[in-house]
A.B. asks: 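Below you'll find the structure I mean.
Along the sequence shown, residues carry numbers from 1.
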Amino acid sequence: MANIYVRVRGIVKKDDKYLLIKHWVDDRIPDPFLWEFVEGEAAFGESPKDAVTRLMDELLGVGGSVDKVIYTWSKVTGDSQCVGVAFLCSLDGDDSAITLTEEYGEWAWVTRDEFEEYICNQYVLDDLTGVEL
C-alpha cells in the first residue's frame with residue numbers, strides 16, 4: 001500500500017536575510033550537521049500552515065507567522081510519496097529569543113546569494129530557482 005505524507009518548510013525572512021538552522025543528521029560522518037530551513041512533517045489531521053508554525057515554536061523556541069505559500073513539491077521514493085508545502089514566514093518578536101533544540105547546532109541569517117554556500121540539498125536549491133521570496 002502506498003504511503004503519502006506531508007512535509008512543510010518554513011523559510012523565515014527578516015529584511016533581506018533568511019534563517020537557516022544547522023541540523024544534526026549523523027554522528028558517523030566528519031561533519032554531522034547540515035544547514036536547512038525550518039522543516040518537518042505535518043501530523044495526521046494537522047494543516048500545513050499549523051504544522052509550520054508549530055515547528056517554528058518547537059525547533060526555534062520562538063513563535064512565528066506565515067506570510068504566504070511560496071511553492072509546493074512532490075517526490076516519490078519506492079511506495080512513498082512526499083508532498084511538500086513551503087511557506088514564507090516571519091518570527092513573532094526578536095531573534096535573540098531563539099533557543100534551538102539539542103538536535104540543532106546553530107542558526108544564521110544569510111542572504112539568498114549565500115544559500116549555495118550553506119544548503120547541500122540540491123533538491124531544495126532547485127525548488128528555489130525562480131521563486132520570489
Side-chain angles (χ1 to χ4, degrees):
M1 180 172 184
N3 178 35
I4 298 173
Y5 60 99
V6 177
R7 285 194 67 82
V8 294
R9 181 173 294 144
I11 301 177
V12 180
K13 184 176 182 178
K14 177 180 158 185
D15 301 322
D16 64 341
K17 294 197 174 185
Y18 304 88
L19 183 67
L20 294 178
I21 52 180
K22 204 170 191 184
H23 185 206
W24 176 83
V25 289
D26 189 342
D27 62 359
R28 297 172 291 176
I29 57 177
D31 186 4
F33 290 93
L34 294 175
W35 288 99
E36 62 183 29
F37 298 107
V38 171
E39 189 167 328
E41 200 167 315
F44 180 79
E46 182 179 39
S47 75
K49 183 177 177 180
D50 288 346
V52 78
T53 55
R54 171 184 53 81
L55 287 164
M56 288 174 65
D57 187 51
E58 288 177 3
L59 303 181
L60 304 176
V62 176
S65 56
V66 170
D67 299 326
K68 65 180 180 176
V69 173
I70 50 176
Y71 66 89
T72 63
W73 75 93
S74 179
K75 181 159 179 54
V76 175
T77 305
D79 67 348
S80 294
Q81 180 180 7
C82 171
V83 176
V85 182
F87 297 92
L88 189 62
C89 301
S90 54
L91 293 179
D92 295 340
D94 193 276
D95 62 7
S96 65
I98 292 176
T99 306
L100 299 175
T101 61
E102 65 182 39
E103 63 191 51
Y104 291 89
E106 60 186 286
W107 57 273
W109 291 105
V110 301
T111 65
R112 186 171 182 155
D113 292 338
E114 295 173 308
F115 284 173
E116 289 187 20
E117 296 172 35
Y118 287 83
I119 300 171
C120 297
N121 186 332
Q122 191 60 49
Y123 292 114
V124 172
L125 294 172
D126 290 346
D127 286 345
L128 290 165
T129 301
V131 172
E132 184 178 329
L133 294 177

A.B. asks: Starting at OH of Tyr71, measure out to OG1 of Thr129 and round the result to the nearest 0.5 Å.
C.D. replies: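 The OH atom of Tyr71 sits 9.5 Å away from the OG1 atom of Thr129.
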A.B. asks: Donor-acceptor pair, distance only, cut-off 3.5 Å: does the side chain of Asn121 make one with the backbone of Tyr123?
C.D. replies: yes
A.B. asks: Rounded at 0.5 Å granularity, tell me how far CG in Leu100 sits from CD in Glu58.
C.D. replies: 13.5 Å
A.B. asks: Grouping I, L, V, M, F, W and Y whenever their side-chain heavy atoms are under 4.5 Å apart, do Val62 and Tyr104 come out in a common cluster?
C.D. replies: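 Yes; tracing contacts between hydrophobic side chains, which count when under 4.5 Å, links both residues.
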A.B. asks: Testing the basics here: between Glu39 and Leu59, what is the closest heavy-atom pair and its distance to 0.1 Å?
C.D. replies: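 Closest approach of Glu39 to Leu59: O-CD1, 4.0 Å.
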A.B. asks: Is there a side-chain contact between Glu116 and Leu125 (heavy atoms, below 4.5 Å)?
C.D. replies: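 Result yes, sub-4.5 Å side-chain heavy-atom pair found.
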A.B. asks: Ring centres of Tyr18 and Phe37 under 6.0 Å apart?
C.D. replies: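 For Tyr18 and Phe37, the ring centres are not under 6.0 Å apart.
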A.B. asks: Give me the atom names and distance for the closest heavy-atom approach of Asp50 to Ser47.
C.D. replies: N-OG, 3.0 Å
A.B. asks: Going from NE2 on His23 to OG1 on Thr101, what distance comes out if it is rounded to the nearest 0.5 angstrom?
C.D. replies: 7.5 Å
A.B. asks: Give a yes or no on whether Leu55 and Ile21 share a hydrophobic cluster (residues Ile, Leu, Val, Met, Phe, Trp, Tyr; joining criterion: side-chain heavy atoms under 4.5 Å apart).
C.D. replies: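 Yes, it is one cluster - the side chains of Leu55 and Ile21 are joined through contacts under 4.5 Å.
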A.B. asks: Treating Ile, Leu, Val, Met, Phe, Trp and Tyr as nodes and any side-chain heavy-atom pair under 4.5 angstrom as an edge, say whether Ile11 and Val52 lie in one connected cluster.
C.D. replies: no
A.B. asks: Within the supplied structure, the quantity of interest is the number of heavy atoms (other residues, nucleotides, ligands) at a distance under 6.0 Å from Glu41 CD; does it exceed 12?
C.D. replies: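 Correct, the count exceeds 12.
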A.B. asks: Between the main-chain N or O of Thr111 and the side-chain N or O of Glu114, is there a donor-acceptor pair closer than 3.5 Å?
C.D. replies: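 Yes.
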A.B. asks: Tell me whether the rings of Trp109 and Trp107 are parallel (<30°), tilted (30 to 60°) or perpendicular (>60°).
C.D. replies: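 Judged by the thresholds at 30° and 60°, the geometry between Trp109 and Trp107 is perpendicular.
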A.B. asks: Is the backbone N or O of Leu133 less than 3.5 Å from a side-chain atom of Lys13, with the two atoms forming a donor-acceptor pair by type?
C.D. replies: yes
A.B. asks: Atom CG in Leu128, atom CZ in Phe115: separation rounded to 0.5 Å?
C.D. replies: 6.0 Å
A.B. asks: Nearest 0.5 Å, what's the CG-OG distance between Asp15 and Ser90?
C.D. replies: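 The CG atom of Asp15 sits 11.5 Å away from the OG atom of Ser90.
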A.B. asks: Taking Met56 as the starting point, is it possible to reach Val69 by hopping between hydrophobic residues whose side chains are less than 4.5 Å apart?
C.D. replies: yes
A.B. asks: Are any side-chain N or O atoms of Thr77 and backbone N or O atoms of Ser80, one a donor and one an acceptor, separated by less than 3.5 Å?
C.D. replies: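 Flag not set: sc Thr77 to bb Ser80 has no pair under 3.5 Å.
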A.B. asks: Against Cys89, only a single residue in Thr53, Ile70, Leu19, Val12 fulfils side chain to side chain contact (heavy atoms under 4.5 Å, CB included); can you say which?
C.D. replies: Val12
A.B. asks: How close do Gln81 and Ser74 get, counting heavy atoms only, and between which atoms?
C.D. replies: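 Of all heavy-atom pairs spanning Gln81 and Ser74, the closest is NE2-OG, 2.7 Å.
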A.B. asks: Is Val124 linked to Tyr5 within one hydrophobic cluster, defined over Ile, Leu, Val, Met, Phe, Trp and Tyr using a side-chain heavy-atom separation of less than 4.5 Å?
C.D. replies: no
A.B. asks: To check you understand the geometry: which heavy-atom pair defines the closest contact between Lys49 and Phe87, and what is its length?
C.D. replies: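 Minimum heavy-atom separation between Lys49 and Phe87: N-CZ, 3.7 Å.
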A.B. asks: Which atom names give the shortest non-hydrogen contact between Pro48 and Val8, and what distance separates them?
C.D. replies: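 In this case the closest contact between Pro48 and Val8 is O-CG1, 3.6 Å.
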A.B. asks: How long is the span from the CG atom in Leu34 to the SG atom in Cys120, to the nearest 0.5 Å?
C.D. replies: 5.5 Å
A.B. asks: Flag the pair Asp127 / Arg9 as yes when at least one side-chain heavy-atom distance between them is below 4.5 Å, and no otherwise.
C.D. replies: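 Side-chain contact under 4.5 Å: yes.
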A.B. asks: Check step by step if side chain to side chain contact (heavy atoms under 4.5 Å, CB included) holds for Glu117 and Trp35.
C.D. replies: CA-CA 10 Å; Glu117 296 172 35; Trp35 288 99; over 6 Å; no
